[in-house]
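These figures come from a predicted structure and were not determined experimentally.
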Amino acid sequence: MVSLWLAKGLVQAKQNYKRVNQSFADSKKELVHFKTINGKLAAKVDVLQFRNTEIKKIYPEILEEIKNLKIKSRLATQFSETVLHNQIEISAELKDSLRDDSVKVQSFDYKDEFYEVKGQILSDSIHLNINSCDSIIQVVYKGKRNRPWLWFFSKRNLEQVIYSKNPNSEIQYSRIIEIVK
């Protein structure tokens with residue numbers, strides 16, 4: 001009986017070791033970009049699987065983000081962070097009420113934590129370069145109970161919290177689906 005219990009423990013330990021090693025290897029992989037059916041650019045990456053104790057040792061900043069959202073880490077079931085970077089160059093004609101007037105090239109730039117804007121004003125046009133960076137944090141956790149009067153006999157509903165670190169961003173839509181087999 002003891003040997004059966006030890007054998008089962010050994011199998012579980014090997015599975016945990018393999019899972020952590022695989023997740024660590026997956027964390028080093030880069031995003032794979034691909035085009036969707038409608039021609040839009042998308043990215044995919046392998047899902048990492050860690051326990052709370054492992055996250056505490058490997059990625060303590062994740063637990064801080066979860067605490068920041070007023071969620072107990074033991075209730076979280078998923079964590080997602082996506083960093084977005086947008087860049088666009090704009091060229092447009094500059095309209096002036098005066099014609100045949102020589103105008104020197106003027107330039108301007110602005111930079112903060114989330115935006116970088118550089119531009120030049122030429123005699124008849126403007127060249128603008130805008131870069132923006134944003135991080136989206138998403139946590140799925142076990143929220144309120146269906147029947148709180150039943151205490152721990154009542155199942156908790158999964159809830160999702162998502163926020164953007166850029167204070168100028170507004171989240172318009174988010175959906176998460178848990179596929180149960």
Novice: May I ask you to decide if Ser154's main-chain N or O and Arg147's side chain share a donor-acceptor pair within less than 3.5 Å?
Specialist: no

Novice: Could you work out, with side-chain contact (heavy atoms from CB on, under 4.5 Å) as the rule, every residue matching Asp109, not counting sequence neighbours?
Specialist: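 Checked Asp109 against side-chain contact (heavy atoms from CB on, under 4.5 Å); matches are Lys118.
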
Novice: Charged N to carboxylate O below 4.0 Å: is that the case for Lys56 and Glu64?
Specialist: no

Novice: Any chance you could measure Gln120, atom CD, to His127, atom NE2, to the nearest 0.5 Å?
Specialist: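 Nearest 0.5 Å value for the CD-NE2 distance: 7.0 Å.
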
Novice: Between atom CG of Leu63 and atom NZ of Lys67, what is the distance when rounded to the nearest 0.5 Å?
Specialist: 6.5 Å

Novice: Are the side chains of Phe79 and Ile137 in touch, meaning some heavy atoms are under 4.5 Å apart?
Specialist: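 Yes. Closest side-chain heavy atoms under 4.5 Å.
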
Novice: When rounded to the nearest 0.5 angstrom, what is the spacing between CD1 in Ile121 and CG in Leu128?
Specialist: 9.5 Å

Novice: For Ser73 and Ile66, which heavy atoms make the closest approach, and how far apart are they?
Specialist: CA-CG2, 4.1 Å

Novice: Phe114 and Asp112: which non-hydrogen atoms are nearest, and at how many Å?
Specialist: N-OD1, 2.8 Å

Novice: Report, as yes or no, whether the 6.0 Å neighbourhood of atom CD on Glu113 holds more than 12 heavy atoms from other residues, nucleotides or ligands.
Specialist: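 No, because the 6.0 Å sphere around CD of Glu113 holds 12 heavy atoms or fewer from other groups.
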
Novice: Find the distance between CD (Glu65) and OG (Ser135) and round it off to the nearest 0.5 Å.
Specialist: 8.5 Å

Novice: Working to the nearest 0.5 angstrom, can you tell me the gap between Tyr141 OH and Leu75 CG?
Specialist: 9.0 Å

Novice: Verify the cluster assignment for Leu10 and Trp5: are they in a single hydrophobic cluster under the rule of side-chain heavy atoms below 4.5 Å apart?
Specialist: no

Novice: Report yes if the side chains of Arg74 and Asn52 come closer than 4.5 Å at any heavy-atom pair, otherwise no.
Specialist: yes

Novice: Once you round to the nearest 0.5 Å, how far does SG of Cys133 lie from OH of Tyr115?
Specialist: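 It comes to 10.5 Å.
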
